[in-house]
Amino acid sequence: MGINEVAKKFLLLSGIDESELSKYLPLIRESIAYVKSILKEEVDVKENSTLLSSACGTYAYYNWSLFYSQSNVSYFKAGDLTVSKSSESKVTERAYSLWKESLKEIARFTKSSDFYFKGVSV
């Protein structure tokens, strides 16, 4: 689950030029840290590196898309150029869908995310 493998997946999904990658490295590192934090302790990260790197890259892409969709521009027109926010929300929907699929693929490696709250009366 090295940063290079994760970065490759992120670049593939986002379409960002490799020359711009350095400014997204903190996002990629955070994604790796998050995925590591949800793994069971007994998971062999090296043995499952390909699948886990893919999940990290997908999570980085999802977080990038959330940031991208928060742009204050909802509609902008200058001459023949028109920019609208609707395409940005589709990017986020696609990214979320890809992240959820990646999460399903690594589900056997992750801690249970179920939360139970039980009240006790004395």
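Keep in mind the model is a prediction, meaning the values are calculated, not measured.
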Check: [Y] and [X] side chains under 4.5 Å, non-hydrogen atoms:
{"X": "Glu93", "Y": "Leu98", "result": "no"}
{"X": "Phe109", "Y": "Val35", "result": "no"}
{"X": "Ile38", "Y": "Leu103", "result": "yes"}
{"X": "Ile32", "Y": "Leu52", "result": "no"}
{"X": "Ser31", "Y": "Asn63", "result": "yes"}

Could you tell me whether the side chain of Thr92 and the main chain of Ser65 form a donor-acceptor pair under 3.5 Å? yes
Show the numbers, then the answer: is there a side-chain hydrogen bond (donor to acceptor under 3.5 Å, both in side chains) between Arg94 and Tyr62? CA-CA 8 Å; Arg94 176 177 172 257; Tyr62 172 58; over 6 Å; no
Which atom of [X] lies closest to which atom of [Y], heavy atoms considered:
{"X": "Arg108", "Y": "Leu51", "value": "NH2-CD2, 3.9 Å"}
{"X": "Ser54", "Y": "Lys9", "value": "OG-NZ, 3.2 Å"}
{"X": "Ile106", "Y": "Ala55", "value": "CD1-CB, 3.9 Å"}
{"X": "Phe10", "Y": "Tyr61", "value": "CD1-N, 3.6 Å"}

side-chain hydrogen bond (donor to acceptor under 3.5 Å, both in side chains) partners of [X], counting only residues at least two apart:
{"X": "Ser37", "value": "none"}
{"X": "Asn4", "value": "none"}
{"X": "Ser53", "value": "none"}
{"X": "Lys46", "value": "none"}

Can you tell me which residue pairs pass the ring-ring contact (aromatic ring centres under 6.0 Å, His included) test with a partner in residues 33-52, sequence neighbours excluded? Tyr34-Tyr59
Leu25-Leu27 co-clustered via ILVMFWY side chain contacts under 4.5 Å: yes
Could I get the full list of side chain to side chain contact (heavy atoms under 4.5 Å, CB included) partners for Lys8, not counting sequence neighbours? none
Restricting to side chain to side chain contact (heavy atoms under 4.5 Å, CB included), what partner residues turn up for Leu11, sequence neighbours left out? Ile16, Glu18, Leu21
May I have all residue pairs that pass salt bridge (charged side-chain N to carboxylate O under 4.0 Å, His left out) and include part of residues 19-42, sequence neighbours excluded? Glu20-Lys23
For residues 95-106, which residue pairs qualify under side-chain hydrogen bond (donor to acceptor under 3.5 Å, both in side chains), counting only residues two or more places apart or in two chains? Thr58-Ser102, Glu101-Lys104
